[in-house]
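Bear in mind the structure is a predicted one, so any value in this text is a computation, not a measurement. We use all heavy atoms of the structure for the numbers below, so side chains are in, but hydrogens, waters and symmetry mates are not. All ligand and atom numbering here is 1-based and tracks the order in the structure.
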Amino acid sequence: LYQEGEYELVLEVRRRAQGYGLYLKYDPTLWDEATLARWLGHYVRLLEGVLADGQRRLGDYALRDGAERVQMAGWQGSERGWALTPVPALFARQVEAAAQALAVSDAQQGWSYGELARRSAEVAQRLRAQGLGAGSVVGVCQGRSVWLLASVLGIWQAGAAYVPLDPGYPAERLGYMLEDSGAAAVLSDATHRQQVEALAGGVPVWAVDEPWTGSSTANLESPQAQDLAYVLYTSGSTGRPKGVRISHGALSNFLQSMAEAPGLKAGERLLAVTTVSFDIAGLELYLPLIVGGECVLCAADVARDGRQLKAELERVRPDLMQATPATWSMLFHAGWRNEAGLKVLCGGEALPARLKQRFDELGTTVWNLYGPTETTIWSTLARLTAQETIHIGRPIANTQAYVLDGAGHEQPVGIVGELYLGGAGLAQGYHGQPERTAAAFIDHALGRLYRTGDLARWRADGQLEHCGRADQQVKVNGHRVEPGEIEALLEQSGLVRQAAVVLREGAHGSQLAAWCVPVEQTQGDGWLESEQVRALQGWLGERVPGYMQPAIWLGTA
Ligand code: AMP
């Protein structure tokens with residue numbers, strides 16, 4: 001028996017009349033019996049493997065026995081046989097069921113399902129009249145109004161795919177996304193049309209909220225599950241964002257799984273706060289439409305301000321809201337206490353323990369959602385009550401998660417490895433980048449898998465725990481940032497020879513810090529001259545969104 005002051009963990013091997021006996025002595029305040037029994041089992045299996053064939057590399061011996069394999073297979077996402085019906089057809093069912101019900105609203109107006117169907121059909125006709133349809137990509141660069149949903153649905157009904165463009169992003173970046181995606185037109189609005197025309201490089205720009213005098217009676221063909229639904233740009237480590245191609249089938253599977261859990265019902269309202277440039281906005285915009293709920297669009301400046309957002313929640317009284325940990329923390333700072341019992345969805349980056357604790361104090365259950373853009377919005381989910389410690393749960397429907405070691409073998413329970421995802425949510429790949437696609441989406445004995453770059457482990461109770469990143473990628477208030485992209489841009493500025501960008505956790509969230517070796521010498525106190533900083537900020541400001549701008553600047557010789 002373990003006694004205080006001894007080694008925390010001791011393996012004793014005793015020779016017996018026949019064979020050996022293995023005994024683990026351990027500090028019971030650190031481990032429980034089940035964990036230690038599992039370890040002993042793994043050790044015995046390793047010894048058996050080595051005795052059977054002593055020529056393999058240590059990492060190549062299986063540790064799990066049949067029972068553990070079967071148990072872990074049961075933790076995968078449930079297999080659902082639903083049809084991967086694209087959103088326009090799922091939406092059409094709701095139009096039939098309740099044409100009068102409110103589908104979408106903004107600060108100015110609300111549209112019923114019938115009205116939204118009419119508006120989106122008009123957008124689709126307009127695109128068809130210009131010869132756009134299956135195989136085309138159309139940009140969406142406009143404010144957050146009811147027209148946003150009419151635009152996306154219209155693009156889909158025309159058979160095309162959309163690329164979301166936040167008008168708040170720098171012109172250079174928007175121009176790059178338009179060009180790289182091969183967008184054939186942009187749907188803007190009266191407020192943003194001129195701005196968009198200036199960056200569109202000759203691509204036609206239409207304001208959807210301006211009257212359209214043309215007419216078209218083109219047949220609208222419903223998109224199929226394998227057709228492209230959207231191209232979403234995310235930070236790329238080599239200095240350029242990369243476009244992730246998501247099919248209608250992947251989006252449909254995701255939304256049908258979300259409709260079950262966390263769940264949204266007909267007549268319920270969701271307050272949508274996320275920029276369309278972040279893939280998780282897809283849940284906010286389309287989940288209500290496939291269940292007969294209402295999407296309430298929150299203005300961008302309101303969503304950024306804790307006090308205004310709190311007031312908006314009190315006015316709208318939604319049933320559900322999804323946001324990043326940064327937004328929920330901001331609401332707490334503004335004095336929000338979830339008096340109305342809102343269903344809380346949180347994701348985009350690791351849920352901080354102190355934020356979880358604040359929810360616990362309110363008695364609010366948090367849905368922790370995890371997933372990369374490349375596997376369609378969210379891939380695992382956990383319902384975290386006060387009793388639960390933080391984890392990312394299990395895969396959603398028709399989705400598999402595997403924790404693999406460096407040789408591609410599944411890790412046993414409790415051992416950290418890299419997280420790979422498979423199933424219905426997998427992207428088609430990166431737009432126009434076959435090599436990058438081949439490197440990230442691999443053919444494995446377990447199927448086609450996306451290599452997430454996240455570290456994870458399975459807990460004994462069948463929940464996944466996120467354990468950080470295996471690479472440099474960071475999150476700034478939920479936004480995915482490859483520091484390498486910023487470093488590459490800084491080095492292209494001609495002002496610095498070399499740059500290193502890292503994330504620093506501050507009292508008010510995370511901030512990026514840039515270390516630069518300037519071409520021109522500084523005064524020697526380590527800091528860059530304020531002029532140098534201004535020049536670098538200006539250079540970056542024209543190329544990257546605000547969240548990618550470092551807050552801390554340091555110079556070294
Ligand atoms: P994005 O493609 O922008 O959605 O970013 C995906 C990455 O964000 C994942 O690979 C994780 O590193 C991180 N992430 C997202 N949600 C969570 C979560 N709930 N817990 C921990 N990390 C998360």
Side-chain angles (χ1 to χ4, degrees), residues 164 166 230-237 241-246 250-251 254 258 262 274-284 322-329 344-356 359 365-384 388-396 399 401-403 416-421 425-427 429-430 436 440-441 449-457 459 463-483 485 503 505 510 544-545 547-548:
D166 184 330
Y230 60 83
V231 181
L232 199 131
Y233 280 82
T234 186
S235 184
S237 53
K242 48 190 194 265
V244 181
R245 291 169 61 91
I246 299 293
L251 182 60
F254 165 77
M258 290 299 108
T274 306
T275 162
V276 291
S277 289
F278 193 174
D279 75 323
I280 70 172
L283 180 147
E284 301 167 33
Q322 163 188 275
T324 58
T327 298
W328 291 114
S329 300
V344 169
L345 273 52
C346 183
E349 66 182 296
L351 174 61
R354 57 178 190 282
L355 181 59
K356 163 78 165 52
F359 282 118
T365 296
V366 192
W367 289 85
N368 188 21
L369 302 160
Y370 159 86
T373 305
E374 286 87 339
T375 54
T376 314
I377 307 182
W378 306 123
S379 298
T380 76
L381 87 172
R383 185 175 175 274
L384 299 179
E388 290 273 345
T389 52
I390 294 172
H391 58 78
I392 57 169
R394 291 192 187 170
I396 67 167
T399 301
Y402 301 104
V403 177
V416 175
E418 195 174 332
L419 185 60
Y420 287 71
L421 297 168
L426 254 65
Y430 298 114
R436 262 185 170 174
F441 296 84
L449 299 180
Y450 172 66
R451 182 174 192 183
T452 65
D454 288 306
L455 297 172
R457 67 174 166 206
R459 297 193 337 191
Q463 310 293 344
L464 275 169
E465 232 171 51
H466 186 260
C467 308
R469 291 286 305 177
D471 60 11
Q472 307 300 311
Q473 185 182 299
V474 297
K475 282 285 186 156
V476 181
N477 298 336
H479 294 284
R480 173 163 156 186
V481 176
E482 293 285 357
E485 183 180 347
L503 192 73
E505 300 293 342
S510 37
V544 300
Y547 62 82
M548 287 178 78

Could you find the nearest protein heavy atom to atom 19 (N) of ligand 1 and give me its residue, atom name and distance?
Leu369 O, 2.7 Å

Polar contact flag for Gly371 and ligand 1 (N/O pairs, less than 3.5 Å):
yes

Distance-only N or O hit between ligand 1 and Lys475, under 3.5 Å
yes

Please could you name the atoms of ligand 1 that Arg469 approaches to less than 4.0 Å, counting only its heavy atoms?
10 (O), 12 (O)

Which is it for His466 and ligand 1 at heavy atoms under 4.0 Å: side chain, backbone, both or neither?
side chain

Taking atom types as modelled, find out whether Thr389 and Arg459 have a side-chain donor-acceptor pair closer than 3.5 angstrom.
yes

heavy-atom search around atom 12 (O) of ligand 1 in the protein gives Asp454 OD1, 2.6 Å

Geometric N/O contact Gln473 with ligand 1, under 3.5 angstrom
no

Would you say the side chains of Asp454 and Tyr370 form a donor-acceptor pair under 3.5 Å?
yes

Would you say Trp378 has any N or O atom under 3.5 Å from an N or O of ligand 1, going by distance alone?
no

Can you tell whether the side chains of Lys475 and Glu505 come within less than 4.0 Å, N to carboxylate O?
no

For ligand 1, which is the ligand I care about here, please tell me if Glu374 has any N or O atom under 3.5 Å from one of the ligand's N or O atoms.
no

Which is closest to atom 15 (C) of ligand 1 in terms of heavy atoms, Ala456, Gly348, Gly478?
Gly348

Which atoms from ligand 1 have a heavy atom of Arg480 less than 4.0 Å away?
1 (P), 2 (O), 3 (O), 5 (O)

Can a donor-acceptor pair be found, under 3.5 Å and without considering hydrogens, that links the side chain of Glu349 to the backbone of Gly478?
yes

What atoms of ligand 1 come closer than 4.0 angstrom to any heavy atom of Thr373?
1 (P), 2 (O), 3 (O), 4 (O)

Treating Gln473 as the side-chain partner and Arg480 as the backbone partner, does any N or O pair qualify as donor plus acceptor under 3.5 Å?
no

Restricting to non-hydrogen atoms, name the atom on Asp166 and the atom on Thr275 that form the minimum distance, rounded to 0.1 Å.
OD2-OG1, 2.7 Å

I need the atoms of ligand 1 closer than 4.0 Å to a non-hydrogen atom of Phe278, numbered in the order shown.
3 (O), 4 (O)

Under the ring-ring contact (aromatic ring centres under 6.0 Å, His included) criterion, do Tyr402 and Tyr420 qualify, and how do the steps go?
CA-CA 5 Å; Tyr402 301 104; Tyr420 287 71; 8.7 Å; no

Which residue holds the protein heavy atom closest to atom 20 (N) of ligand 1, what is that atom called, and what is the gap in Å?
Ala350 CA, 3.4 Å

Is there a polar contact between ligand 1 and Pro372, counting only N or O atoms under 3.5 Å apart?
no

Which residue supplies the protein heavy atom nearest to atom 18 (C) of ligand 1, what is that atom called, and how far is it?
Glu349 O, 3.4 Å

Given the rule in the side-chain contact (heavy atoms from CB on, under 4.5 Å) test, do Val476 and Leu503 qualify, once you have shown the distances and angles that lead to the verdict?
CA-CA 8 Å; Val476 181; Leu503 192 73; 3.8 Å; yes

Could you verify whether a donor N or O on one side chain and an acceptor N or O on the other, from Trp328 and Gln322, lie under 3.5 Å apart?
no

Sub-4.0 Å heavy-atom contact, Thr234 with ligand 1:
no

How long is the gap from CD1 on Ile246 to CG on Leu426, to the nearest 0.5 Å?
8.5 Å

Below a 4.0 angstrom heavy-atom separation, can you tell me which part of His479, side chain or backbone, both or neither, approaches ligand 1?
neither

Report the distance from atom CZ of Arg457 to atom CD of Gln463, rounding to the nearest 0.5 Å.
13.5 Å

